[in-house]
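The block underneath contains the structure these notes are about, expressed in structure tokens.
Please read all numbers here as calculations on a predicted model, not as lab measurements.
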Amino acid sequence: EYIKGYDPCRNISNLLNSNALKSDPSRKIPGMLVTCSLSDIRVGFWGPAKFVAKIREHGETEQVKVSNVLLDWSHDEGHFGTGGRFGRLEEKAFEYAFLHKVIGIV
């Protein structure tokens, strides 16, 4: 039971149905950029994919914008991100672009 408390997929419905969200309609779940890689030997790609699918399964509400939950799926990155000379810069640019979209700059 203790470990299940840390499982994000099992806790999505608890989060979305929490009293804090029900009592304060102005509270919102933040946009999420969830990343995964087929080449990551430490974290399976199915975990982040399952997490995003569960959030989207609950649907759009005033407090959860499903369009702000994005899964970035990579084929060649490892656990620590992209390698190469410009890979890290491209990764950061993508993260900043997502952030700008979520906060409404773009």
For Lys54, all residues meeting salt bridge (charged side-chain N to carboxylate O under 4.0 Å, His left out), sequence neighbours excluded: none
Pairing residues for Lys50 by the side-chain hydrogen bond (donor to acceptor under 3.5 Å, both in side chains) criterion, not counting sequence neighbours: none
Student check: side-chain heavy atoms of Leu33 and Glu95 closer than 4.5 Å: yes
Cys36 SG to Asp72 CG distance, which is reported to the nearest 0.5 Å: 7.5 Å
Phe94 side, atom CZ; Ser74 side, atom OG - distance, nearest 0.5 Å: 10.5 Å
Nearest-0.5 Å distance that lies between atom CZ in Phe45 and atom OG1 in Thr35: 14.5 Å
Nearest atoms (heavy-atom pairs only) where Leu71 meets Ala49: CD2-CA, 3.9 Å
Trace of the side chain to side chain contact (heavy atoms under 4.5 Å, CB included) decision for Val52 with Met32: CA-CA 9 Å; Val52 170; Met32 290 181 255; over 6 Å; no
Same apolar cluster (I L V M F W Y, side chains within < 4.5 Å links), Val34/Leu70: no
Sidechain-backbone polar pair: Arg56 side chain, Phe51 backbone, donor-acceptor under 3.5 Å: no
For a quick test of your reading: what N or O donor-acceptor pairs under 3.5 Å do the side chains of residues 96-106 make, sequence neighbours left out?
{"from": "Lys101", "atom 1": "NZ", "to": "Asn68", "atom 2": "OD1", "distance (Å)": "3.1"}

